[in-house]
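Start at 1 and go down the list; that is how both ligands and their atoms are numbered. Nothing fancy with the numbering, it's 1 onward along the sequence.
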Amino acid sequence: MARPSACPVRMGLQPNNMIPRVLSGVQPTGNLHIGNYLGALSNWVRIQHDYESIFCIVDLHAITVYQKPEELRASIRDLAALFLAAGIDPKHSRIVVQSSVPAHAELAWLLTCVTPMGWLERMTQFKAKSALQESIGDGLFQYPVLMAADILLYQAAIVPVGEDQMQHLELTRDIAQRFNALYGETFTMPATKLPAVGARIMGLDDPTTKMSKSAAGAGHAVALLDPPERIKKTIMRATTDSGSGVDFETMGPGVENLLSIFQAFSEWPGAEMRSHFTGMRYGDLKKQVAEMVVSKLEPLQRRYREIMTDPGYLDSVLRAGAEAVTPVADQTVQLVKARMGLYTA
Ligand code: ATP
Ligand code: MG
């Protein structure tokens, strides 16, 4: 099958014809799950052609907790292939490995210097992730500043993410506002864009915690590349509650999570969900959710396997992505340095 080549069009500091720019990213920290797909990736695919889109593999974020080098290297490529398999169109959208554009790290330092520590201490994700570490790296603390840099570097107007990133987006706006107030209007104020359904998929083993790549436990998540039998097993074992049939008024978080997964994949309207599932036994609900997930992931898995047979293609997409965005990123850093009074040649 002929593969679309990556887009050669150059980008400017401001998006073309003032079409808003979209930016989002995923960390290459293990196996992508259906939460990442429904909260982020599928939304990106849906909106990518309405905007100038940049999708990042944020490897500098991944190393805020220790990653085995050989696993990280493989995860970066895997993630690029999954972006393509999910439907990111490299003819239109840029797929960029964060560390291949040095301006991300450079702008992060410049923004660190305008960010009060108190703002970072309030971040709930820092509190949750640092609680799991014996020794807390400074990178974990600075993580949201790097994320602000990722977004502000490209003057992105829209950031499609899951609900867990809302606080980091608010912080990004605070940092942008503070910089603009101190040094003059420099950054576009980015807006958060959540999917209508699927913005927060919960763990299947514990529906009170967010489904996460870094969480342990075989029953926690459905990974995008899980074989059908495993997907079925994980969903059939999902935690529900002591009820026996679906009741939309009294359902617990486990049942609600399963229904959200079904609705996000099927795109059924709420009324159809209610009439179809009301009164259904939990065992049957799980079976239908499992079938829906398997049928939606099957084409993605097929495309992923095909893309992975051609490593040269993957490299060409990542190279083209970095080449296209580097001039924009460098211009922003130059502008920021000039505004701050740093030396610029
Ligand atoms: P990690 O445990 O390594 O932080 P993660 O599963 O939280 O992994 P990220 O790489 O941090 O994944 O996030 C990638 C994108 O997926 C973000 O836009 C985030 O909001 C979204 N996302 C993550 N988890 C969920 C979830 N459970 N439901 C919906 N969206 C999610
Ligand atoms: Mg996360």
Heavy atom under 4.0 Å from ligand 1: found in His33's side chain, backbone, both, or neither? side chain

Answer yes when Glu70 and Arg73 have at least one side-chain N-carboxylate O distance shorter than 4.0 Å, and no when they do not. no

What part of His61, side chain from CB on, backbone N/CA/C/O, both or neither, has a heavy atom under 4.0 Å from ligand 1? neither

So is there a nitrogen or oxygen of Gln165 less than 3.5 Å from a nitrogen or oxygen in ligand 1? no

N/O separation below 3.5 Å, Gly162 to ligand 1: yes

Taking distance alone, with N or O pairs closer than 3.5 Å, would you say Val161 contacts ligand 1? no

Ile201 N/O to ligand 1 N/O under 3.5 Å: yes

Do Ser24 and ligand 1 have an N or O pair less than 3.5 Å apart? no

Does Ser214 approach ligand 1 within less than 4.0 angstrom via side chain, backbone, both or neither, non-hydrogen atoms only? both

Counting only N and O atoms by type, is there a donor-acceptor contact under 3.5 Å from the side chain of Asn180 to the main-chain atoms of Phe187? yes

Below 3.5 angstrom, do we get any N/O pair linking Ala215 and ligand 1? no

N/O separation below 3.5 Å, Lys213 to ligand 1: yes

